[in-house]
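So the structure is just underneath, and the comments pick up after that.
Lettering of chains follows the sequences in order, A, B, ..., and the numbering in each one begins at 1.
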Amino acid sequence: KAGVTQTPRYLIKTRGQQVTLSCSPISGHRSVSWYQQTPGQGLQFLFEYFSETQRNKGNFPGRFSGRQFSNSRSEMNVSTLELGDSALYLCASSLALAGGSTDTQYFGPGTRLTVL
Amino acid sequence: DAKTTQPTSMDCAEGRAANLPCNHSTISGNEYVYWYRQIHSQGPQYIIHGLKNNETNEMASLIITEDRKSSTLILPHATLRDTAVYYCIVGGGDNFNKFYFGSGTKLNVKP
């Protein structure tokens with residue numbers, strides 16, 4: 001079974017631009033979560049989508065948004081890019097079985113975003 | 001906010017067992033302990049998780065104390081490829097898929 005895939009793997013943007021990152025979950029997985037990893041802040045939770053709805057949200061400004069499609073694929077968007085948005089953006093998927101009390105997340109390789 | 005405390009780094013000789021400790025004193029009754037590792041800024045790799053009982057899989061063993069306030073990840077025979085940052089995470093329960101990663105432990109496996 002193929003793992004979580006993220007595109008693009010590397011991206012360079014300039015301040016003020018916007019960017020869209022894509023995540024394809026493992027087949028059959030219905031939940032997609034996004035994380036930001038920087039040297040200073042470590043791995044931080046951005047948001048989680050399940051059934052095309054945002055179910056959980058971290059403490060990030062509104063410039064960070066996401067969505068999930070009916071096939072569970074997800075995109076995240078960052079508008080008005082700042083230098084501090086340079087980071088590795090990781091996507092994770094999980095089964096999200098009904099009635100489950102926990103869910104193992106499987107991570108993709110990440111998208112390395114550099115803002116100049 | 002991370003709910004776990006781990007040593008910043010540890011060394012282990014190749015072929016020996018690596019025992020990585022984690023404190024999670026504020027864990028609630030329905031939260032699980034998860035372990036992941038990350039190598040060279042790749043995506044974190046799932047290792048193992050548990051609720052109360054000790055768990056073992058092909059990669060590692062997880063020992064959780066009876067009061068659930070701490071746990072230990074055991075890599076029985078560490079190899080050079082096990083050099084990575086290991087994260088202990090408390091997740092599941094009410095927070096479901098909202099994982100809080102701490103700083104992790106950098107494990108250095110030496111020949």
Check for me, please, whether A:Leu90 and A:Val19 land in the same ILVMFWY cluster - side-chain distances under 4.5 Å, paths through other members count.
no

What about B:Tyr36 and A:Phe107, are their ring centers closer than 6.0 Å?
yes

When rounded to the nearest 0.5 angstrom, what distance separates CD in A:Gln105 from OH in B:Tyr34?
7.5 Å

Which atoms of A:Leu43 are under 4.5 Å from chain B, going by heavy atoms: the side chain, the backbone, both sets, or neither?
both

May I ask you to name which of B:Gly104, B:Gly43, B:Pro44 has the most heavy-atom pairs under 4.5 Å with chain A?
B:Pro44

State whether the number of non-hydrogen atoms from other residues, nucleotides or ligands found under 6.0 Å of A:Arg9 atom CZ is greater than 12.
yes

Please check if A:Ile26 and A:Phe50 belong to a single hydrophobic cluster, counting links between Ile, Leu, Val, Met, Phe, Trp and Tyr side chain heavy atoms closer than 4.5 Å.
no

Identify the residues of residues 81-89 of chain A whose heavy atoms come closer than 4.5 Å to a heavy atom of chain B, ordered by number, or report 'none'.
A:Leu88

Contact part of A:Gln37 toward chain B, heavy-atom cut-off under 4.5 Å: side chain, backbone, both or neither?
side chain

side-chain hydrogen bond (donor to acceptor under 3.5 Å, both in side chains) filter on B:Gln42, not counting sequence neighbours, yields none

Quick check on the hydrophobic clustering: are B:Tyr100 and A:Phe60 connected, directly or via other members, by side-chain heavy-atom contacts under 4.5 Å?
no

Other residues, nucleotides and ligands only: do more than 12 of their heavy atoms fall within 6.0 Å of NZ on A:Lys57?
yes

Same apolar cluster: B:Ile74 and B:Val85, side chain cutoff 4.5 Å
no

Evaluate whether atom CG of A:Asn59 has more than 12 neighbouring non-hydrogen atoms of other residues, nucleotides or ligands under 6.0 angstrom away.
no

Ring centres under 6.0 Å, that's the criterion: do A:Tyr35 and B:Phe101 meet it?
yes

So, do A:Tyr106 and B:Tyr46 sit near enough that their side-chain heavy atoms are less than 4.5 Å apart?
yes

If two hydrophobic side chains count as joined below 4.5 Å and joins carry through other members, does B:Phe99 share a cluster with A:Leu46?
no

Around atom CZ of A:Arg15, are there more than 12 heavy atoms from other residues, nucleotides or ligands closer than 6.0 Å?
no

Non-hydrogen contacts under 4.5 angstrom with chain B: give the residues of residues 109-116 of chain A involved, or none if there are none.
A:Pro109, A:Arg112

Should side-chain heavy atoms under 4.5 Å link Ile, Leu, Val, Met, Phe, Trp and Tyr, which residues sit in the same cluster as B:Ile27?
B:Met10, B:Leu20, B:Val33, B:Trp35, B:Ile47, B:Ile48, B:Met59, B:Leu62, B:Ile64, B:Leu73, B:Leu75, B:Leu80, B:Tyr86, B:Val90, B:Leu107, B:Val109

If one checks every heavy atom of B:Gln38 against chain A at 4.5 Å, the contacting part turns out to be side chain

